[in-house]
Every structure is written in C-alpha cells, then in structure tokens.
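From a predicted model like this one, the values you see are computed outputs, not experimental measurements. We name chains A, B, ... by the order of the sequence lines, and we start the count at 1 in each one.
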There are 2 protein chains.
Amino acid sequence: MTVSKTAADAVRSSRALRREPVDPAGDDSMLQLGELSGLLGYSLKRAQLKVFEDFLRCVAPLQLTPAQFSVLLLLDKNPGRNQTEIANTLGILRPNFVAMLDALESRDLCARMRSTNDRRSHILVLTDKGRAVLARAKKLVANKHEARLIEVLGPANHAALLEMLAKLAQEF
Amino acid sequence: MTVSKTAADAVRSSRALRREPVDPAGDDSMLQLGELSGLLGYSLKRAQLKVFEDFLRCVAPLQLTPAQFSVLLLLDKNPGRNQTEIANTLGILRPNFVAMLDALESRDLCARMRSTNDRRSHILVLTDKGRAVLARAKKLVANKHEARLIEVLGPANHAALLEMLAKLAQEF
DNA sequence: GATATTTGATATGGTGCATAACGATTATTA
DNA sequence: TAATAATCGTTATGCACCATATCAAATATC
C-alpha cells in the first residue's frame, strides 16, 4: 500500500484499488452521494424544497405562501366551514391555525363569522378581495409554476408523479 | 331557489344545481380538496412528511433522524472531508451543522480531527461505533423502510419516482 | 341541572433554517 | 516581509413551523 500524505490522497488510492467509478466533476468539488441518491425521503425533501422555492417566486407579487394559498383554495371550495375543519384537512393544528388566519384576515383576504348555529365556532369566508387574489394566484400558479413543472417533467410524467405522491400520502 | 337554514345546506344545494360530484364520505366529514390535489408542491410535502414519519419508525431503535443518517452515509462515502464540505453537499448551513455534529460526536458516532494541512478545518471521521450503527441503520432502512415503499409503489414506479425527483432537485 | 365535550385562543417549548459576527488560521498582495 | 483579505468552525440571534397543555365560552350529554 502506498503512503499518502493527505487524507484526500488516501481516498483516491483506496478508490483506485477497489476500481470504483469517480464523480465526473472530480474528487475535490463533488462529493459521492452514495446510497443517498436512492433514498426516497432524501430526494423527496430536496425536490419539495425546490418546488416550494419556485412557487414562492411565481406567486411573489401576491405575497402568498404555499400554505396560505392552500387555505384560500380550501375556503373557496368549502364555504361554511369552521377553523377546525379547514385546519384538519390541511394537517394544521388548530392552535397554529389561529395566527395564520390572523394574517389572512388582517390583509382582508378572509373573515371569521360567528356561526348562528354554534356560537363557539367561526365560519370562514373569503372576502371579495380574497376571491380576487385567489383568482390571480391561481393563474400565476397554473401559467408560471405548474407550467414549468410540466415542461421539465413532461405531461405524462407529471401526472404519474402526482398519482404516486397521492398514493404515498394515502397508504402510508 | 330553495331556502336553506344552514351554510352547509347552501353548499349542498348549490352543488346539486351544478351537478358536481360529491366526496364519497359525504359533506360533513370530508372536505373538497379541489385543485389542491393537482398542486405538485402540496402532494410533495404531504408525501415527504409521511415518508419521513415511516423512516423514523423504522430506524427508531437506533435513534437516528433522516438528516443524521444522511450525514453518517456521507462521512462513510467521503472520508477526509471537513465540516463545510459535508454540510454544503447536504444543503445544511455551516452554523446549523455545528450542533448536529455535536450531537453525533457526543454519541461517539463520529469525531472531528484537526487537519494537519489546514489547522482551521476539522476532518470528519466515522468512529467504529459510527460505522457499526450506520451498518445497522442501512439494513433497517433497506429492509423495512424502502422495502415498504417499493411494495406500495411497485419497483418500476419507485425507480421512476426517484428519477423524477432527482430531475426536479437538479433542474429547478 | 350537573358534567363532559367542543371551539377558538393563548402560552410555551422544540426544531429547522437563515444571517451577522467573532477568533484562529491561511491566502493574497502591496 | 508586512498588511490585508479570505476561510473555517463557532456563537448568538431571530424567524418560521410544529406540538402540547390549558383556558373561557358555548354546547352536548347524561
């Protein structure tokens, strides 16, 4: 075995002995991911971060986070629901949903109305401004964000991806 | 138009007029996700949470988080690297990597060694215990975690999913 | 009518993530 | 060579997200 001064040298020689492939970019710049690239959870998280990043860019003019957008969408599709119901379907805990609604309500995007049936609960409603912002957000998401995703993946792959992710979210 | 006392009634009637399909579980329990189910970012995040949850369950006996596991994997595949290099490839900021390494080092899974070349940097090495824990973790991940994923998705889909996620993480 | 449950809310703690700044060391350059 | 800049690990700090316990008001249950 040859004597090597640096640790990097030792890596190079041991890899040479085992005849392992080396990253195209070389030893110094790119590290070996190893089985990390086969770890679904790792790839999922990295992809999710990138996609959220792009979402924020695309919808930046409206100052909406993915979570806020999902709330507006849900309020539009499900009028007459209270905080607990909306929060539950989004996987948000009720205490954490309070501040979120405060932010949306302070921007006049939605409003809490005391229910006449059950005066404990707040019926959530989109304001006119909320509906307008949602409409503009939908367009940005569809034409900029999702359009880019479909372009990168291809329409068929995009659909297949959605299906697999839905299955994971359900059966897991 | 019929007069309805409750908001839920109003939803039911308007949906009846538009002849929209109703969730199988009924109006009260299940809410309409709407275009949320077509939002890739939404599905990505929900799937990622489920997968991480399962990872934690499977590797619970070793008390390793996904992030910690990824660090051990990377140290094994890339000996002789310093903190900045490892942190960068994992997308972890150097300040936040310090506490992470402290935790691993306090459990004797890895060690920091002052580099002789550059006495500023710490060369990271797996300890014997670290290698042993990593070996056991790899088995748990492969046989319990990834095995279940492949079973749910099917091997071909699992591979296709990985490929698409990698493409998203790269080209986005 | 007494007790239990539900709803929105508050407080609080943990964790992940981001930025600024520091001392020690090394690299650059005047 | 001396002065300056850059890098490495580290600390401090703040923000966002997530989770639990708890509360008052209102409702449901018995």
Side-chain angles (χ1 to χ4, degrees), chain A residues 6-8 28-29 41-42 44-46 48-50 52-53 55-56 63-71 75 80-106 110-125, chain B residues 6-8 28-29 41-42 44-46 48-50 52-53 55-56 63-71 75 80-106 110-125:
Chain A
T6 70
D28 296 330
S29 56
Y42 178 77
L44 264 177
K45 176 135 196 197
R46 299 226 89 157
Q48 184 258 319
L49 288 175
K50 290 274 192 177
F52 267 44
E53 208 176 289
F55 181 99
L56 286 173
Q63 283 287 92
L64 283 182
T65 68
Q68 289 174 325
F69 178 68
S70 68
V71 169
L75 292 190
R81 300 295 190 161
N82 63 24
Q83 299 186 193
T84 300
E85 292 171 313
I86 299 294
N88 279 343
T89 47
L90 289 177
I92 304 174
L93 293 172
R94 277 77 57 169
N96 301 327
F97 194 49
V98 174
M100 222 181 135
L101 272 185
D102 288 346
L104 292 176
E105 202 174 15
S106 75
C110 70
R112 302 180 231 225
M113 310 188 49
R114 286 234 98 96
S115 166
T116 51
N117 303 335
D118 184 343
R119 300 190 30 245
R120 290 171 297 184
S121 57
H122 291 165
I123 300 303
L124 299 178
V125 295
Chain B
T6 70
D28 296 328
S29 56
Y42 178 77
L44 264 177
K45 175 136 196 195
R46 299 225 88 156
Q48 184 256 320
L49 289 176
K50 289 275 193 176
F52 267 44
E53 207 177 290
F55 182 99
L56 285 173
Q63 284 285 92
L64 283 183
T65 68
Q68 290 173 325
F69 178 69
S70 69
V71 170
L75 292 191
R81 300 296 189 158
N82 63 25
Q83 299 186 192
T84 299
E85 292 172 312
I86 298 295
N88 279 343
T89 47
L90 289 177
I92 302 175
L93 294 172
R94 276 78 60 178
N96 300 327
F97 195 48
V98 174
M100 223 181 135
L101 271 186
D102 288 347
L104 291 177
E105 201 173 14
S106 75
C110 71
R112 303 181 231 227
M113 310 189 49
R114 285 233 100 97
S115 166
T116 52
N117 303 335
D118 185 341
R119 299 190 29 245
R120 290 171 297 184
S121 57
H122 290 166
I123 300 303
L124 299 179
V125 295

Protein-to-nucleotide contact annotation, 5' to 3' order, nucleotides 18-23 of chain C [B base; S sugar-phosphate only; - none; under 4.0 Å, heavy atom]:
BBB---
For the pair Val71(B) and Leu90(B), evaluate side chain to side chain contact (heavy atoms under 4.5 Å, CB included) and give the outcome as yes or no after the intermediate values.
CA-CA 8 Å; Val71(B) 170; Leu90(B) 289 177; 3.6 Å; yes
Take Leu104(A) and Cys110(A), measure what side chain to side chain contact (heavy atoms under 4.5 Å, CB included) needs, and give me the verdict at the end.
CA-CA 6 Å; Leu104(A) 292 176; Cys110(A) 70; 3.8 Å; yes
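Tyr42(A) pairs by the ring-ring contact (aromatic ring centres under 6.0 Å, His included) definition with nothing, not counting sequence neighbours. Listed by chain and number, the residues in a side chain to side chain contact (heavy atoms under 4.5 Å, CB included) with Phe52(A) are Gln48(A), Pro66(A), Lys45(B) (sequence neighbours excluded). Arg120(B) meets the salt bridge (Lys or Arg N to Asp or Glu O under 4.0 Å) test with Asp118(B); sequence neighbours excluded. Glu105(B) meets the side chain to side chain contact (heavy atoms under 4.5 Å, CB included) test with Ala111(B), Arg112(B); sequence neighbours excluded. Listed by chain and number, the residues in a salt bridge (Lys or Arg N to Asp or Glu O under 4.0 Å) with Arg94(A) amount to none (sequence neighbours excluded).
Under the 4.5 Å side-chain criterion, counting only non-hydrogen atoms from C-beta, Leu75(B) is not in contact with Val125(B).
Whole-Å rounding puts the Phe52(A) CZ to dC17(C) P distance at 13 Å. Atom CZ of Phe97(A) is separated from atom P of dT10(C) by 15 Å (rounded to the nearest Å). Following rounding to the nearest Å, Leu49(B) (CG) and dT15(C) (P) show an atom-to-atom distance of 17 Å. Atom pair Ile92(A):CD1 and dA16(D):C1' shows a separation of 13 Å (rounding to whole Å applied). For the pair Met100(A) CE and dC15(D) C1', the interatomic distance rounds to 16 Å; values are reported in whole Å. Computed from coordinates, the Leu56(B) CG to dG16(C) P distance equals 10 Å when rounded to whole Å.
Comparing Arg119(B) and Leu101(A) along DNA chain C, the residue whose closest nucleotide (by nearest heavy atom) sits nearer the 5' end is Leu101(A).
In this structure, the side chain of Asn96(A) does not engage the main chain of Ile92(A) through any donor-acceptor pair within 3.5 Å.
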Pairwise N/O distances under 3.5 Å, protein to nucleotides 7-9 of chain D:
| unit_1 | atom_1 | unit_2 | atom_2 | d |
| --- | --- | --- | --- | --- |
| dT7(D) | O4' | Arg120(B) | NH1 | 3.4 |
| dT7(D) | O2 | Arg120(B) | NH1 | 2.8 |
| dG9(D) | OP1 | Gln83(B) | N | 2.9 |
| dG9(D) | OP1 | His122(B) | N | 3.2 |
| dG9(D) | OP2 | Thr84(B) | N | 3.0 |
| dG9(D) | OP2 | Thr84(B) | OG1 | 2.2 |
| dG9(D) | O3' | His122(B) | ND1 | 3.3 |

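Separation of atoms OG (Ser121(B)) and CZ (Arg114(B)) is listed at 8.0 Å; rounding is to 0.5 Å. Once rounded to the nearest 0.5 Å, the distance linking CD1 of Ile86(B) with CZ of Arg81(B) reads 7.5 Å.
Regarding contacts with the backbone of dC18(D), a side-chain N or O of Lys45(B) is found under 4.0 angstrom from either OP1 or OP2.
An end-to-end axis angle of 10° holds for the helix from dG1(C)-dC30(D) to dA30(C)-dT1(D), taken from five base pairs per end and rounded to 10°.
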